[in-house]
> 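Structure below; questions to follow.
So that the names make sense, note that chain A is the first sequence line, chain B the second, and so on, each numbered from 1.
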Amino acid sequence: MREGRVPSRVATPEPPLPERSPIIVWFRRDLRLSDHAALHAAARTGRPVIAVAIRDPLVDALGAAPKWRLGEGLRVFGDALRAAGSRLILRTGDALDVLQRLAEETGARDVWWMRAYDPDSVARDKIVKAGLEARGVTAMSCAGHVLFEPWTVETGTGGFYKVYTPFWKAVRGRGVVAPLPAPSRLPAPDAWPGSERLEDWRMGRAMDRGADIVARWANVGERAAQDRLEAFLDDGIDGYHQTRDLPGVVGTSNLSENLALGEISVAQCWHAGQRARHEGRAGAETFLKELVWRDFAYHLTWHTPHLLTRNWRTEWDAFGWREEADTDEVRAWKQGRTGIAFVDAGQREMYVTGRMHNRARMIVASYLTKHLMTHWRIGQKWFEDHLIDWDPANNALGWQWAAGSGPDATPYFRVFNPVTQLDRFDRDRAYVDRWIAEGQANPPPEALSYFEAVPRRWGLDPDDAYPDPVVEPGEGRARALAAYENRAF
DNA sequence: CCAGCCTTGCT
DNA sequence: GCAAGGCTG
């Protein structure tokens, strides 16, 4: 005790000195150790790092499949932090309350995270930042969920891009900061704050229904994502520009679920793609363009958040979409029983695995919004509940693209013919036969797994006859085009 | 203002 | 060849 200092009667713990106070890193859709700007910066200070994930109302609001997938991601990420000598602290509640309490418990004066761009997250993060700073806790968000910050890409007249190709041309030559390494060490705090158990988070068992198939495709976590990227670079990328359209073969990177949860960073993918491009690999450019589509979805979401909830071109509000989610036709679409093979194969693949090939996504979306004249929002919601790679911006942009109501969308009158598409992209029926058991003497396990997965109340049996089309392609096309001709705008 | 252009298609 | 019309420079 120094002279002149008045000893307090009640012994209160000294707050840690600022240079020793821990830094809280709040993990959301960025479940990785490498190329994580916030974690990297925190580790570089040499101060203790406390990683936290919060089950807040936005997590509770997730669809069943993405919630399950997030649970898997958190489990693997927690293991990875353990292996690095650290921990993932789990807490439930409103993010601000949780972070405020955790900061008080641990003496932390800094909370850092990776920036989000969807309107719900932006609104929440704004409240969190203001609330923390009002209590003297510094909040810092770092870039890295997208390649290019949405406000840094402008047209010649200072607006934002609404068409993909000019956007691509504007960014393709830009530099992207080289990925950061994983921290070499993550100093632990003097005492670990308490954590909830992931098992108690009830992230659901949505994908148990496809357990065998899902397990075979297991791709959870940073290590798995890096392995998959490497495998894709080894032999997938050369033919990517051609094979990516063929749902019957493994021709895509399959990284969407990892990108959705940030188990790999888009910058890591970008630099890998650039290296492949410099090596003259044929599909590299197409791969880079797909990464930029993901950015474009966030770019548009940032500038026009209503992309996620209503027709981006609001005049489409006057279009006669059917809004009922419970008609026989919509039920057939959801249950993969439209009688249109390409549509049903896609829907069944998604129901069992939580994934759907991009080509199939376009076809099921076109069939719902055009042949069935149903509002894209109903399809968007179904995807939100069933896709393990669900991403708010990309799902919305995809649906509005298919429906014709979105920016740079396919024109409404451009109606996909699901039979022609089959001939073009699944000529040997590898895809549809994989997912449709009816009529096959020896259906493959995937096709049978669908009948195991669906709820009993759907009343499906693999020995049933394959249904007749709920709407014939020709009839649906004519109906859609007539509705378009008679539109009120 | 205009000219050129616009992921994925169909008959 | 058709199907509109908006976007960008």
> Could you give the NZ-to-P distance, from K370(A) to dA3(C), as a whole number of Å?
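Answer to the nearest Å: 16 Å.
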> Given the P atoms of dG6(C) and dG9(B), what is the spacing between them in whole Å?
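The answer is 23 Å between these two P atoms.
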> Does a side-chain N or O from Y412(A) land closer than 4.0 Å to OP1 or OP2 of dG6(C), or not?
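Checking Y412(A) against dG6(C): no side-chain N or O falls below 4.0 Å of OP1 or OP2.
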> Going by the angle between their ring planes, with limits at 30° and 60°, are W151(A) and Y117(A) parallel, tilted or perpendicular?
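Judged by the thresholds at 30° and 60°, the geometry between W151(A) and Y117(A) is tilted.
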> So, does T420(A) get its side chain near the phosphate of dT11(B), meaning an N or O under 4.0 Å from OP1 or OP2?
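Yes.
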> Using only side-chain N and O atoms of R477(A), determine if any of them is under 4.0 Å from OP1 or OP2 of dC10(B).
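For R477(A), the contact criterion (side-chain N or O under 4.0 Å from OP1 or OP2 of dC10(B)) is not met.
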> Measure the distance from CG on L246(A) to P on dT8(B) and round it to the nearest whole Å.
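Roughly 17 Å, once rounded to whole Å.
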> Could you tell me whether a side-chain N or O of T301(A) sits under 3.5 Å from a main-chain N or O of A297(A), the two making a donor and an acceptor?
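Confirmed, T301(A) side chain pairs with A297(A) backbone.
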> Whole angstroms only, please: what is the OH-C1' distance between Y161(A) and dG6(C)?
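Rounded to the whole Å, the gap is 15 Å.
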> In this structure, how many angstroms lie between the P atom of dT8(B) and the CZ atom of F287(A), rounded?
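These atoms are roughly 21 Å apart.
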> Given 3.5 Å as the limit, does a donor-acceptor pair link the side chain of R32(A) with the main chain of G262(A), or not?
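Judged by distance alone, yes, a pair lies under 3.5 Å.
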> Quick one: is R313(A) getting a side-chain N or O under 4.0 Å of the dA4(C) phosphate, OP1 or OP2?
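Looking at the OP1 and OP2 atoms of dA4(C), neither is under 4.0 Å from any side-chain N or O of R313(A).
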> Salt bridge or not for D328(A) and R331(A), using N-O below 4.0 Å?
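Salt bridge: yes.
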> dT8(C) P sits how many Å from H299(A) NE2, rounded?
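In whole Å, dT8(C) P and H299(A) NE2 are 8 Å from each other.
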> Here's one to test your reading of the geometry: is the NZ or CZ of R434(A) within 45 degrees of the ring axis of Y431(A) and under 6.0 Å from its centre?
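Pair R434(A)/Y431(A) does not count as cation-pi.
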> Under 4.0 Å between a side-chain nitrogen and a carboxylate oxygen: does that hold for R361(A) and E349(A)?
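Salt bridge absent between R361(A) and E349(A).
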> How would DNA chain B look in dot-bracket form, 5' to 3', counting Watson-Crick and G-U wobble pairs with both distances under 3.5 Å and writing | for bases paired to another strand?
.|||||..||.
> Just call it for R487(A): base, sugar-phosphate, or nothing, with non-hydrogen atoms closer than 4.0 Å on any strand.
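Touches sugar-phosphate only.
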> Sticking with atom C1', work out how far dC6(B) lies from dC2(C), rounded to a whole angstrom.
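Going atom to atom, C1' in each nucleotide, I get 16 Å.
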> Would you mind checking if R355(A) and E446(A) are paired as a salt bridge, meaning a charged N to carboxylate O distance below 4.0 Å?
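No, no charged N to carboxylate O under 4.0 Å.
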> Heavy atoms only, 4.0 Å cut-off, all strands: where does F413(A) land among base, sugar-phosphate and nothing?
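Touches a base.
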> Over all strands shown, is E485(A) touching base, sugar-phosphate only, or nothing at heavy-atom distances under 4.0 angstrom?
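Sugar-phosphate, no base atom in range.
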> Could you please name the option among dT8(C), dT8(B), dG5(C) that lies closest to any side-chain atom of P166(A)?
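Of all the options, the side chain of P166(A) is nearest to dT8(C).
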> Between Q421(A) and dT8(B), is there a side-chain N or O to OP1/OP2 distance below 4.0 Å?
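Checking dT8(B) against Q421(A), no side-chain N or O comes under 4.0 Å of OP1 or OP2.
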> With a 4.0 Å limit, can you tell me whether N417(A) has a side-chain N or O closer than that to the phosphate oxygens OP1/OP2 of dG9(B)?
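False: N417(A) side-chain N/O out of range (4.0 Å or more) of dG9(B) OP1/OP2.
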> Give me the distance, rounded to whole Å, that separates dC1(B) from dC7(C) when you measure between the C1' atoms they each carry.
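Rounded to whole Å, the distance is 15 Å.
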> To the nearest angstrom, how far is N358(A) atom CG from dT8(B) atom P?
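It is 12 Å, rounded to the nearest whole Å.
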> At under 4.0 Å, does any side-chain N or O of R424(A) touch on OP1 or OP2 of dT8(B)?
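No, because none of the side-chain N or O atoms of R424(A) sits under 4.0 Å from OP1 or OP2 of dT8(B).
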> Rounding to a whole Å, what distance do you find between E154(A):CD and dG9(C):C1'?
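For the pair E154(A) CD and dG9(C) C1', the rounded distance is 15 Å.
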> Nearest whole angstrom, please: distance from the C1' of dC2(C) to the CG of L481(A).
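So the two atoms are 11 Å apart, to the nearest Å.
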> Are Y161(A) and W168(A), when compared by the centres of their aromatic rings, separated by less than 6.0 Å?
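For Y161(A) and W168(A), the ring centres are not under 6.0 Å apart.
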